Amino acid sequence: MPNVKNWWFAAFRKRVDKKTVSELLRASGQKIIFPFYHVVSNDPIPHIRHLYTYRNVAAFESDMDFLLRHFTPLHFDDYVKGRYEPDKPYFHLSFDDGLSEMYHIVRPILLEKGIPATFFINSGFADNQALFYRYKVSVLIDTVSESDLSKAISIATGAGNIQVKKPIRFLLSLRAAQEKLIDDIASAAGIDFKQYLTEVLPYMDSHQLRKLQQDDFTLGAHSVDHPEFYNLAPIAQQEQIKQSVAFVRDTFQIERPPFAFPFTADGADKNLMTDMYAHYGVSKSFGTSGIQKEKYPNHIDRIPAEYKDWSLESIVKSELHYFTAKKMLGR
Ligand SMILES: [Zn+2]
């Protein structure tokens with residue numbers, strides 16, 4: 001999250017928490033909000049816990065109850081076809097990265113509460129084919145001691161006896177382009193990600209994804225292997241979209257699936273922002289920058305619901321407040 005926004009959220013939190021959702025909605029002029037999560041669990045998850053905070057079941061259920069008190073749940077198809085009342089507040093919920101907790105934990109809660117949602121899947125990770133490079137980093141931090149990590153990094157980088165002082169910070173600074181280095185560090189530390197994938201099964205398999213589809217949830221694409229688009233050439237961005245959209249379309253017979261940009265839509269190629277809807281079969285695209293004035297008619301930014309340990313109520317209120325302030329400044 002940008003520094004200004006972080007600062008804004010912290011500075012105004014108390015004052016904003018006292019305002020009601022309806023007054024904040026009215027001031028913002030917003031009708032539909034799009035919160036999104038990655039995972040919900042009561043357990044420490046080795047491949048995630050060193051990357052970001054996530055909700056336990058009770059906190060997630062209370063987030064959902066907050067939404068249902070103030071907004072009407074909206075199905076993705078109804079949103080696309082404009083089947084909603086223009087003056088009522090709605091929400092559409094989504095979940096990125098296709099994790100198995102979606103099937104085991106989130107699905108029963110959503111079914112019980114009658115909440116439709118979209119699940120965005122990485123075609124390279126579905127069925128536990130491979131592990132996201134950030135998850136590899138988290139697994140390394142979780143299972144290898146700091147001194148052994150330092151040694152493994154020295155070996156993998158060819159630094160000889162020079163010890164890396166802050167191995168965790170170093171690992172967390174690596175990006176998708178350095179995935180080979182992460183793999184080399186893992187093999188120097190004796191960590192086998194293939195074994196982790198088979199034992200832990202972090203991702204949903206096609207059978208579980210089909211069940212979600214039968215439950216009337218929406219499936220969407222989330223790139224092949226979750227790279228930073230701002231580090232990719234336009235042609236590589238294009239391939240990430242085409243391949244992952246083809247996977248969702250062909251595996252689940254979804255004619256025009258939505259696409260959620262991995263990490264952020266910032267840095268997405270300009271031509272892509274028109275071509276993906278016209279030529280690559282994408283119905284709508286989603287970003288992660290909160291409530292935004294959008295530059296492209298088919299692109300929607302969503303509200304990251306895993307912000308520190310804040311409740312969704314505080315996050316949504318702060319997003320509405322921040323958006324209204326920007327709007328008043330003409331931004
Ligand atoms: Zn993601």
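Atoms within a ligand are numbered from 1 in the order they appear, just like the ligands themselves. Just the heavy atoms: all of them, side chains too, but no hydrogens, waters or symmetry mates, feed the values below. No experiment lies behind these values; they were computed from the predicted model shown.
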Handout entry: Backbone or side-chain N/O/S of His222 under 2.8 Å of the Zn ion (ligand 1)
Key = yes
Exercise for the section: Would you kindly check if the NZ (Lys) or CZ (Arg) of Arg302 is within the cone defined by 45 degrees around the ring axis of Phe36 and under 6.0 Å from the six-membered ring centre? Expected result: yes
Problem - Vertex the Zn ion (ligand 1), rays to NE2 in His226 and OD1 in Asp97 - rounded to 10° - result: 110°
Handout entry: His299 side chain to Ser285 side chain, donor-acceptor N/O pair below 3.5 angstrom
Key = yes
Handout entry: Asp96 near the Zn ion (ligand 1) via N/O/S, less than 2.8 Å
Key = no
Practice task
Answer yes or no for Arg13 and Trp310: cation-pi contact, defined as NZ/CZ to six-membered ring centre under 6.0 Å and angle to ring axis within 45°.
Solution key: yes
Problem - Distance-only polar pair, side chains of Tyr135 and Asp97, donor-acceptor under 3.5 Å - result: yes
